Number of protein chains: 2
Amino acid sequence: MDKDRNRSDIVADALEKLIFDGTFADGARLDEAQLAERFGVSRTPVREAFQRLAISGLVAQIPRRGVFVRQPGPVDLLEMFEVMAELEAVCVRLAATRISDAALDRLDEINAACNAAVGARDADRYFDENEAFHRALYRHSGNAFLEAECLRLHRRLRPFRRRQLHLRGRMAQSMAEHEAVVAALRDGDGARGAAAMRAHIAVQGEKFHHLMASLRTAAE
Amino acid sequence: MDKDRNRSDIVADALEKLIFDGTFADGARLDEAQLAERFGVSRTPVREAFQRLAISGLVAQIPRRGVFVRQPGPVDLLEMFEVMAELEAVCVRLAATRISDAALDRLDEINAACNAAVGARDADRYFDENEAFHRALYRHSGNAFLEAECLRLHRRLRPFRRRQLHLRGRMAQSMAEHEAVVAALRDGDGARGAAAMRAHIAVQGEKFHHLMASLRTAAE
DNA sequence: CCAGCCTATCTTGCATACAAGAACGTTGAC
DNA sequence: GTCAACGTTCTTGTATGCAAGATAGGCTGG
């Protein structure tokens, strides 16, 4: 089933990774021929990959000039996190009247796994379990389109979210916020759950400093 | 400045129109060679256009099989309108504390133009002015990323929104809702404005019937 | 010595050629 | 008569070739 993927898909994924991990700095020009050779394919799949990255906003395509990496700046990031917070808040509000008791129990299980990761001080494992929690909430919004949009933005913000976790005490705080969300859901209190979720995602306080710092290290 | 656009852009736009206006029914296969000939270009720009449409969700691309038109069904539409309502509600809530008095006056002007269109029973003009109102709200959310996301979804829902207007009395009701939103913004009451906006977009009551009816006519 | 223009070269955008996989029809066997 | 297997043909995916625009460097004129 992995053989179903075209070369353009593979190139697009590879390029995305290279942009995310900072191999290509902001403003760098991506050379078609060079990348084609690097990936061992012709220019065609590379061009198709460019198109997709351009739509995702990871690169800017200037006609007849080439494509340029477009790393998000501080303002872009704050805006994206704000939208993420609002979207996730909507998920919670909608889920409050749509989620089943069984699903709530499942959320508790995921949170228990998160908690175990916190206890083990395993940031990577916490990161994974945290993602499962958020994905579950998207799912329980009962709106597949909303779920897809959330997944898209979540994926886009992934590399920036990762760094936040290493802030001391952040994992424990994050856990508490998760539990507040689930508690509100159990009470069927959509407004309270939404507020808790918004606070969970929002870039505020110390998180702001960390986000800015992460940008600086990425640039160097 | 229109010469800057590549052929793939032109093909993508043309295809989008053809899909929106129902020339290609749901599930229809889009033939590369045929469309290339139709537009007088080679297969390459057609393929690039397909990529973009696939990401927008207008067509589904099945590897080695071709691309198929994917018209949204009733459930898809309800979900998309729900997300649109929530996104616009967020715009209003954020705008409540960010919009300037001058911008509020400008919104009143747009609404006055809307009102004139209602008086003239000019649905097309009302449609245009209505779009200006919504675009202005996206702008005043003070979040460029949110604005872009709203524009994207708004554009996607455009053909379905258009039909709703011809419902008797809908224009007048829509106007009243616009004014409720602006009034809440003047009071700086984000929550009230958000609720008003959500109600304005939400598919409920008679609008539901109309949306379903429009789907039936589009399918025939 | 600097500015502007012209040309050489490189890059993109598009067209076309080619290969591999999928659909379809035919033929043969049971 | 029906089903299956094979081969043909059509379509997609990829590579390559070609033309037009863009950049850079040198040359000429002021």
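Side chains included, hydrogens not; waters and symmetry mates left out as well; all remaining heavy atoms used. Since this is a predicted model, take the numbers as computed values, not measurements. Residue numbers begin at 1 in each chain, while the letters A, B, ... track the order of the sequences.
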Applying ring-ring contact (aromatic ring centres under 6.0 Å, His included), name anything that partners A:Phe160, two or more places apart in sequence or on another chain. none

B:Arg7/B:Glu48 ion pair, N-O < 4.0 Å: no

In terms of ring plane angle, is the pair A:His200 and A:His134 parallel, tilted or perpendicular, where the classes change at 30° and 60°? parallel

Check the interface with nucleotides 9-15 of chain D: list each N/O to N/O pair with the protein under 3.5 Å, or write none.
residue	atom	partner	partner atom	Å
D:dT11	O3'	B:Arg29	NH1	3.3
D:dT12	OP1	B:Arg29	NH1	2.7
D:dT12	O2	B:Arg64	NH1	3.2
D:dG13	OP1	B:Arg64	N	3.0
D:dG13	OP2	B:Arg47	NH1	2.8
D:dG13	N7	B:Arg43	NH2	2.8
D:dG13	O6	B:Arg43	NH1	3.1
D:dT14	OP1	A:Arg7	N	2.8
D:dT14	O3'	A:Arg7	NH1	3.4
D:dA15	OP1	A:Arg7	NH1	2.9
D:dA15	OP2	A:Ser42	N	2.6
D:dA15	OP2	A:Ser42	OG	2.7
D:dA15	O5'	A:Ser42	OG	3.4
D:dA15	N7	A:Thr44	OG1	2.8

Applying salt bridge (Lys or Arg N to Asp or Glu O under 4.0 Å), run through A:Glu129 and A:Arg125 and close with a yes or a no. CA-CA 6 Å; A:Glu129 299 292 345; A:Arg125 207 171 102 213; 5.1 Å; no

CZ of B:Arg155: more than 12 outside heavy atoms within 6.0 angstrom? no

